[in-house]
Structures are given as C-alpha cells and as structure tokens.
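First listed ligand is number 1; within each ligand, the first listed atom is number 1. Below, each value reflects all heavy atoms present in this structure, side chains not excepted, and no hydrogens, waters or symmetry copies.
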Amino acid sequence: MTNAHGHHHTSDPVASMSPVEFWESRYGEADRIWTGSVNRVLADVAAGLTPGRALDLGCGEGGDAVWLAQQGWTVTGVDLSATAIERGRQAAVEVGIDPARLTLVAADLATWDTTERFDLVTCSFLHAWSVPLPRAEILTRATGFVAPGGHLLITSHASGPSWSDAEVHTGHDFPTPESELADLALDPDRWQVITSELRDRRTTAPDGTAATLSDVVTLVRRVP
Ligand SMILES: C[S@@+](CC[C@H](N)C(=O)[O-])C[C@H]1O[C@@H](n2cnc3c(N)ncnc32)[C@H](O)[C@@H]1O
C-alpha cells in the first residue's frame, strides 16, 4: 500500500503524545492517508484460501478489511484510531458491503479481546515510529485469535522507504523474518510455518518515481 512516511511528525510535541493522540493527529492530516486498495501480500495469500471469518489487526482506513468482505469473508477490523475506523465504515457503505459482513472496532490491540476465533488473522504494517507500541505482545495475542486450521498473516516493513526522512526511523527496530517469528512465540507442535521471508514490492514514491520496498512476510497455520 502506498503510504506517506515522509509526513510523520518528528517535532517535539509527538514525544508527549499518547498513541491514540498520535494516530488521531496522523489521520487528521488528510481525508484519507492510505490508498484504500488491498495490500498485495494479503490479496495473494487470501486468493489461496476459502473465505470464512477474518480479523484485521490495525486495519487503518479499512482497505484490507473491505476487500476481504468483498471476497466473501465475514470480517472484523480493529484499529486504535476512531477516525480511521469511521473512514473504513464509510468506505464499506460506498461499495455496498452488507453490514453483517464487516464489523469495525476502535480499540487498543494491547487490551482488545474476543471469544471469536478466525480462519484468517491478518496484520499489515503494524508499526509506530514515534509512540510506544507493544508489537510483540500484540502479535503473540494475535495467535490466540486463530481458529484450528486457520492462518495468521503478518506483513511488515523490513526497512524505511528510500524517500522517507531517515531521522523518522532512527532507532527503530525493523523486524526481520526471524524476529517476527520469534515475536509470535509459536508452539511448534501447534503451528506450521508456511512463509517467513523478505518479499520485494514495486511501488511509486510520493514524487512519482518507481521504488522497491522490502516486506517481511510471515504466514503460519494453526494445526487443525
Ligand atoms: C501503518 S498503519 C497500517 C494500516 C493498515 N493495516 C494498512 O495496511 O493500511 C498502522 C495502524 O496501526 C494502528 N495502531 C497502532 N497502534 C495500535 C494499537 N495499539 N492498537 C490498535 N491499532 C493500532 C494505527 O492506528 C494505524 O492505523
């Protein structure tokens, strides 16, 4: 998904912001900050699965969640930003998604819980550069939401894009395929690792030039 890394606030006020304040101000910068299109990795993975129940963690403005609903999945999306969630709801109405097919929730994934179990749990680009994010904790919790036989897909930035201000990412620990798997803390008797790799993605930089980004792609399956 095309994003606008160059636009992250780096000035001092950010240091005192809570994660909710940070993301609300980030979403407040424009009517829409992501493209609204499905992330390529998710589209590729979902193409090989039978639609069932899906959960999108850190769903932002709902590009992936709405797409999954359009493919026949019954989808729950969770994001910290109420603004982003509201945009996702609007996007769903615009393309005529049956409201029974898509539930979008504004909540903090560090504490959000559900008794539901999902055939696909997906988490695309759950990163934060300037505010705290208990990423490993959230990813470990995510494994608990997967139904027996279900899949967990995590797509992450392996590095900052070439066009972003380097200072935004200074000190940020980008995941590697190995660190991502370690964060999941999988019981090897209960999980099968299907994909754990770096994958290049062609995209367009904000100035219109072609660029290549590297994603960490982690796909695991809970044994039936
Ligand atoms: C880089 S965006 C990715 C959005 C979307 N998955 C996509 O690919 O377009 C990261 C998202 O994570 C959300 N987020 C950050 N920390 C969170 C938390 N603790 N709980 C829930 N969502 C969180 C932000 O609000 C933001 O929408």
Option passing side-chain contact (heavy atoms from CB on, under 4.5 Å) with Leu126 (candidates Thr155, Ile138, Ile154):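 It is Ile138, the one option of Thr155, Ile138, Ile154 that forms the side-chain contact (heavy atoms from CB on, under 4.5 Å) with Leu126.
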Contact between [X] and ligand 1, counting heavy atoms under 4.0 Å?
| X | answer |
| --- | --- |
| Ala107 | yes |
| Val78 | no |
| Trp112 | no |

Part of Trp23 with heavy atoms under 4.0 Å of ligand 1, whether side chain, backbone, both or neither: side chain
Ligand 1-proximal atoms of Leu109, by part, heavy-atom distance under 4.0 Å: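 Both backbone and side chain of Leu109 come within 4.0 Å of ligand 1.
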Residue pairs passing the ring-ring contact (aromatic ring centres under 6.0 Å, His included) test where at least one lies in residues 79-121, sequence neighbours excluded: Trp112-Phe145
Inter- and intrachain pairs under ring-ring contact (aromatic ring centres under 6.0 Å, His included), touching residues 47-77, at least two apart: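 Checked against ring-ring contact (aromatic ring centres under 6.0 Å, His included) - neighbours excluded - no pair reaches residues 47-77.
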N/O of [X] under 3.5 Å from N/O of ligand 1, yes or no?
| X | result |
| --- | --- |
| Asn39 | yes |
| Ile138 | no |
| Asp56 | no |

Side-chain donor or acceptor of Arg222 paired with backbone N/O of Asp119 under 3.5 Å: no
Glu61 side chain to Gly36 backbone, donor-acceptor under 3.5 Å: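 No; judged by distance alone, with no hydrogens or angles, the pair does not exist.
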Closest candidate by heavy atom, reference atom 22 (N) of ligand 1, pool Leu80, Leu133, Thr83, Thr111: Leu80
Nearest-option assignment for atom 19 (N) of ligand 1, heavy atoms, candidates Val41, Asp108, Asp64: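 Closest candidate by heavy-atom distance is Asp108.
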Exercise: identify the closest heavy-atom pair between Ala106 and Ala82: CB-CA, 3.9 Å
Where Val66 and Gly88 come nearest, the two heavy atoms and their spacing: CG2-O, 4.0 Å
Cationic N near anionic O, under 4.0 Å, Glu94 to Arg87: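 Salt bridge: no.
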Could you tell me, atom by atom, which parts of ligand 1 come under 4.0 Å of a heavy atom of [X]?
| X | value |
| --- | --- |
| Tyr27 | 25 (O), 26 (C), 27 (O) |
| Ser124 | 3 (C), 5 (C), 6 (N), 8 (O) |
| Phe125 | 1 (C), 2 (S), 3 (C), 8 (O), 10 (C) |

Near-ring test His157/Phe174, centroid separation under 6.0 angstrom: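 Centroid distance Phe174-His157: not below 6.0 Å, so no.
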